[in-house]
Q: 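Handing you this structure, nothing more for now.
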2 protein chains.
Amino acid sequence: MADTDDNLAIERADRPSSQRKITKILAAARAEFFGNGFSASSIEAIAARAGVSKVTIYSWFKTKENLFAEMVKGECAHLSQNFVDENLESKGVREVLIDTAENMLDFLTRDERVRFDRILAAEVSRDPRVGQYFLDNGPRALLQNLAKLLESAMDQGKMQSSDPIASAEMFVGLVMGHLDLLLRYGEKIDLTADQRRARATRAVDAWMLIHQK
Amino acid sequence: MADTDDNLAIERADRPSSQRKITKILAAARAEFFGNGFSASSIEAIAARAGVSKVTIYSWFKTKENLFAEMVKGECAHLSQNFVDENLESKGVREVLIDTAENMLDFLTRDERVRFDRILAAEVSRDPRVGQYFLDNGPRALLQNLAKLLESAMDQGKMQSSDPIASAEMFVGLVMGHLDLLLRYGEKIDLTADQRRARATRAVDAWMLIHQK
DNA sequence: ATAAAATTGAACGGTTACGTTCAATTAAAA
DNA sequence: TTTTAATTGAACGTAACCGTTCAATTTTAT
């Protein structure tokens, strides 16, 4: 996100109480920013929520923009978790793909993720770097992992693809469809385990059909 | 969006000059809201941009929220255009689907559309009704049209589906993949005509393969 | 215990913005 | 032309918020 000021807030937070406060500040920032967006959130409210003085915030994070960026950074680390199921040998190709698709669905339909998506995208016009940073550390990393998994799957199954990344993209498209859109616009979607499995299965079968040799 | 106050601003705008001003206000509101989001946009700036007094805005649109909602309403009307190619008889199934997919790509990658998406989604937490309204008048209507087209296509081609809406959703998923995501996060994507056609073709062929009898 | 660093509360200046009021002016309808 | 509606500029009250300053206090390292 920022150019060189990595961990602007943490680099000299030796004191244990500082660590604790920084953590609380970031948590409060997340809550406020998620709830109101960047502009409508105030440092004062964040300070109050964190149980911390306003000056403390300014002493660790120089500006509101920076606090936001630092919060995003934390979220990204949290978000770039891997939901690729690796057990290709023990489980069989189709099973693994279905599990992976289910993990994707589970993760992407989470309310917290949706809210994050909303407010972060909105701030892209204000500061394009946050979008760039998020893409690199979230979706892009994820797609790489997925592509790798799919390549292994294709080796073991009777499948092929001339463009693994495009195939991975297609996988995502098949799994999510426009669920993403509905969620972002406030549609309440809580898939039951059965529905999730059904959707994952349908997507995987379609994907395998497309990539059959 | 609103319950009963349809066209709050226009219902007694008999004067021609009023009409003109209302139009300018809405245009200015769109520009400001698109550029800065809801919170960071000020009525004063909108008034200045529209070349209109602040009082005039408040006299036509009671509140900032309402001005935003009215602006969204106008955009939705503008956005719910139909990009389904209807010439099924004259053109052949595959061609029509490819054309439709190309239209989708063309429309959905437009910068204005992306910006609209960003700021509207961000305001969903503040007022869920705008999301609801948009879904009903944009994506939902679109998906219905698409499903209808696809059903006709399946009749004429050797295809089938047990769930036309799910098939339409899949169509969208295959065409867009995660382009939508990249665009929302600021990725510059300007597809050449060739790339667009290639992507559309790939998606349509995949879709037809999945739905073959 | 002592020195250094972190934190606090309170206040401040400056800015921005919402929404309102009002008397004066302009435009349009009859 | 008269009358009615719309528009304007300016000012107002109120509130929020950013970011800073400072002296006083608390926490931590040594």
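The structure displayed is predicted, hence computed values, not measured ones. Proteins come first, then strands; the chains are lettered A, B, ... in the order of their sequence lines, and each starts at number 1. Computation of the quantities below employed the complete heavy-atom set of this structure, encompassing side-chain atoms and omitting hydrogens, waters and symmetry-equivalent molecules.
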Q: Checking the side chain of Lys64(A) only, and the main-chain atoms of Phe38(A) only, is there a donor and an acceptor separated by less than 3.5 Å?
A: yes
Q: Tell me whether the side-chain N/O atoms of Lys21(A) come closer than 4.0 Å to OP1 or OP2 in dT8(C).
A: yes
Q: Rounding to a whole Å, what distance do you find between Ile57(A):CD1 and dG9(C):C1'?
A: 14 Å
Q: Without decimals, in angstroms, what is the distance between Tyr58(B) OH and dG9(D) C1'?
A: 16 Å
Q: Does a side-chain N or O of Thr56(A) approach OP1 or OP2 of dT8(C) to a distance below 4.0 Å, or not?
A: yes
Q: Rounded off to whole Å, could you give me the CG-to-P distance for the Leu67(B) and dG19(C) pair?
A: 10 Å
Q: Over all heavy atoms of both residues, which pair between Arg118(A) and Tyr185(A) is shortest? Give the atoms and the distance, please.
A: NH1-N, 4.2 Å
Q: At less than 4.0 Å, is any side-chain N or O atom of Arg20(A) found next to OP1 or OP2 of dT28(D)? Yes or no.
A: yes
Q: Tell me what Ser39(A) touches on the nucleic acid: a base, only sugar-phosphate, or nothing, going by heavy atoms under 4.0 Å.
A: nothing
Q: Lys54(A) NZ to dC18(D) C1': how many Å, rounded?
A: 7 Å
Q: Assess whether salt bridge (Lys or Arg N to Asp or Glu O under 4.0 Å) is satisfied between Asp163(B) and Arg202(A), documenting all intermediate values.
A: CA-CA 12 Å; Asp163(B) 185 344; Arg202(A) 193 152 39 85; 5.9 Å; no
Q: Should the pair Phe33(A) and Phe68(A) be assigned to parallel (<30°), tilted (30 to 60°) or perpendicular (>60°) ring geometry?
A: perpendicular
Q: Taking only N and O in the side chain of Ser18(A), is any of them less than 4.0 Å away from OP1 or OP2 of dA5(C)?
A: no
Q: Send over the distance from Lys64(B) NZ to dA17(C) C1', rounded to a whole Å.
A: 8 Å
Q: Taking atom P of dA15(D) as reference, at what distance in whole Å does atom CD of Glu44(A) sit?
A: 15 Å
Q: OP1 or OP2 of dA6(C) less than 4.0 angstrom from a side-chain nitrogen or oxygen of Trp60(A), does that happen here?
A: no
Q: If I take atom CD1 in residue Ile46(A) and atom P in nucleotide dC17(D), what distance separates them, rounded to the nearest angstrom?
A: 10 Å
Q: Relative to the 5' end of DNA chain D, which residue comes earlier, Ile43(A) or Val55(A), by the nucleotide with the nearest heavy atom?
A: Ile43(A)
Q: Could you state the atom-to-atom distance from CZ of Arg49(A) to P of dC17(D) in whole Å?
A: 14 Å
Q: Any sub-3.5 Å donor-acceptor pair from Trp60(A)'s side-chain atoms to Leu67(A)'s backbone N or O?
A: no
